[in-house]
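Comments concern the structure below.
We count ligands from 1, going down the list as the structure has it; atoms in each ligand are counted the same way. It should be emphasised that the depicted structure is a prediction, and the values quoted were computed from it without experimental measurement.
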Amino acid sequence: MNEVVSASASGKVILFGEHAVVYGRPAIAVPVRQVEARVTIEPARRSAAQTGEQGPRIHAPDLGRTFTVDPADTSNPLIVATVSTLRHLGVGFEHDLLIRIESTIPVGRGLGSSAAVSVALVRAIARYFGVEPLPQEVSRLVYETEIIHHGTPSGIDNTVIAYDQPIYFVREQPTEHFEAGRPLHLVIADTGITTPTHETVGDVRAGWQRDPATYEALFDEIGRIVDAARVAIAEGDLVEVGRLMDENHARLRRLDVSSAELDHLVYAARGAGAMGAKMSGGGRGGNIVAVAMPWAVEGVVAALRRAGAAMVIETVVNQAETQGN
Ligand code: PMV
């Protein structure tokens, strides 16, 4: 219990179904292992001035913050994740731990930064006390922190990151893992713009309240696209996967969660030979995702850089990681 332990968690990207997933429709998301959050825990060595303090201390250099965990603070997701994990393990708060949090996942860009930090935190605390928690336990604990970040999260981020597997997700239903018939080469490109997810989720909710019939019809269309995409991915039909991405992007535009910058990157990817492209996540900023044949990936990456992307990530959803689930 007195050694140094660490745990990590990947980023994620939503391939299909964002926003409609909040209203009970399915969505597809995959881990993005090229970026990660990492948490390291060691016994704290307090200075003389700190001897009166007790309990876990969190050091987050990327956020420029160091603080002692106050179990009464229910507004800080890092504290909530720490407190609920210790409670879940049946461990008291008296342990003097130094918890160091680092992440290469850009914040507020739809790559799951908040959920990944919490997943790594839950895993590291459990590991420190000799427990390897199940993905569903991690996911449930992290969902509580997602509520603080996002208000009414569907739960897709904590689920895909805790399971570390491609998922077909429907709110409050058992998670399913989908199978890829052929490796899926993805290119993810960042607009460099941060837009809080709760803002676009709130705007969609306001629109849905104003005109439920139109929004429900759009959500249904997105749900059908997601189901068709699941089949196309399983069959390795990348032309169809790309076409469905384009269809999904058109519906997200109608929900008014895209932006000129997102559309610009989507068109750049398509123009460079991607099979299809769409915005991903909450929208108005953050990332787009494109699917490309392996030989076209380099050209798509170059085009997205030329189009001004702040960051470009290549990732592959392999057959191997979806087999046997
Ligand atoms: O966290 P983001 O930006 O990837 O967005 C999550 C996806 C939404 O469907 C917009 C919200 C949700 O809770 O599912």
Report summary line: Near His19 (heavy-atom distance under 4.0 Å), the atoms of ligand 1 are 8 (C), 9 (O), 10 (C)
Query raised in the report: Under a 4.5 Å cut-off applied to non-hydrogen side-chain atoms, are Leu89 and Ile125 in contact?
Result: yes
Query - Within reach of ligand 1, part of Leu111 (heavy-atom separation under 4.0 Å) - result: neither
Query raised in the report: Would the number of heavy atoms belonging to other residues, nucleotides or ligands and lying under 6.0 Å from CD of Glu298 be above 12?
Result: no
Report summary line: For Glu18, the ligand 1 atoms with a heavy-atom partner under 4.0 Å come out as 9 (O)
Report task. Just jot down the ligand 1 atoms closer than 4.0 angstrom to any heavy atom of Ser154, in number order. Result -> 12 (C), 13 (O), 14 (O)
Query raised in the report: Between atom CD1 of Ile156 and atom CD1 of Ile28, what is the distance when rounded to the nearest 0.5 Å?
Result: 9.0 Å
Query raised in the report: Do the ring planes of His177 and Tyr163 sit parallel (below 30°), tilted (30 to 60°) or perpendicular (above 60°)?
Result: tilted
Query raised in the report: Taking non-hydrogen atoms only, is Thr200 closer than 4.0 angstrom to ligand 1 via side chain, backbone, both or neither?
Result: neither
Report summary line: Nearest non-hydrogen protein atom to atom 1 (O) of ligand 1, with distance, is Asp157 OD2, 3.0 Å
Query raised in the report: For ligand 1, which atoms sit closer than 4.0 Å to a heavy atom of Gly281?
Result: 2 (P), 3 (O), 4 (O), 5 (O)
Query raised in the report: So which protein heavy atom does atom 7 (C) of ligand 1 come closest to, and at what separation?
Result: Ile14 CD1, 3.5 Å
Query raised in the report: Atoms of ligand 1 less than 4.0 Å from Val22 heavy atoms?
Result: 9 (O), 11 (C), 12 (C), 13 (O), 14 (O)
Requested in this report: Decide whether an N or O pair under 3.5 Å exists between Lys12 and ligand 1.
Outcome: yes
Report summary line: For Val21, the ligand 1 atoms with a heavy-atom partner under 4.0 Å come out as 9 (O), 14 (O)
